[in-house]
Amino acid sequence: MLPPRQQQGSGLTGSDGRFAPSPTGPLHLGNLRTALLAWLFARSEGARFLVRVEDLDRSRVRPGVEEAQLLDLRVLGLDWDGPVVRQSGRMELYEGAIATLDSDGLLYPCYCTRAEIRAAASAPHGISASDRYPGTCRELTTAQRVERGAARRPPALRVRSDGARMTFEDRLLGRFEEEVDDFVVRRNDGTPAYQLAVVVDDAAQGIGEVVRGADLAESTPRQILLARLLGLPEPVYAHVPLVLGPDRRRLAKRHGAVTLSDRAALGEGPEDVRAWMARSLGLARVGETPSPDDLISRFDPERLPREPTLWSPESEV
Ligand SMILES: [Zn+2]
């Protein structure tokens, strides 16, 4: 179903936003702050804000986690439009996109294991990043495919990127440019890949602005390429700074009391956590407990910090 604003207008508004958690574990302060920012970007422009549950990787989904994540958003005062959408219920959409790419001759089967890719990528051919695919299966003959198909596990499907260089202008990070490799669009267990599902969903849901953590910026060139190959509209991107632990790595459970329920056990309520997030973003002073509406009225993307926030177990939220 098309969102109402797309039905009325001549295309995307450039501002409808979303938060898309994976129900694999509780949201921590960094995830929650990204959710708050995505909500602020959308709501401060009077745009829709959607929640999408990215639950395609069934082996990592844990029961009860989705409900807990949605409850966290609610108690922080973040509301959303329409029903929550789950990727696990949208397989036909992804399969349709994969079929389109395949019929355009843009996909090929890849029989490599992760270890083989790592070994090939570290061979002295000038390819340094270990997760970039070296193209091993790109030019296999039909006979070679039949042989590998019989001898090995089922193939993944990769897109022919043709060494495309993608550039985009991020609202916070500025200009970003990267050569895209032949990445996976369907895993060898048949699951549509994250990159593909995100692109299909953002377009189908009318998302005009993708606000997410800076660690996902490197996925963006691949997603832009897919949108172009599928003839889908390209959203605007804003990759927001992360919250890091004392070791300067992405905040995680091992860093201590980093979830809303951890903080509640220390006697801190959701309004205290919201106040900490607001202070860390320059939206509140010490001692203030701003409401969600206060934050909307104070929000200015131009004035957001560009650097990660360091969190330590001693941090009082
Ligand atoms: Zn391969």
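Order of appearance sets the numbers: ligands from 1, and atoms from 1 within every ligand. Being a predicted model, the structure only gives us computed values, none of them experimental.
Here the angle at the Zn ion (ligand 1) defined by SG in C137 and SG in C110 stands at 120°, rounded to 10 degrees. The OH atom of Y133, the Zn ion (ligand 1) and the SG atom of C112 define an angle of 110° (nearest 10 degrees).
Residue Y111: no N/O/S atom is found under 2.8 Å from the Zn ion (ligand 1).
Contact of the Y111 side chain with the R145 side chain is registered, since non-hydrogen atoms from C-beta on lie closer than 4.5 Å.
The aromatic ring centroids of F41 and F299 lie less than 6.0 Å from each other.
Put simply, the side chain of Q223 never gets that close to the backbone of E234: no donor and acceptor are under 3.5 Å apart. Put simply, the side chain of D81 gets close to the backbone of F49: a donor and an acceptor are under 3.5 Å apart.
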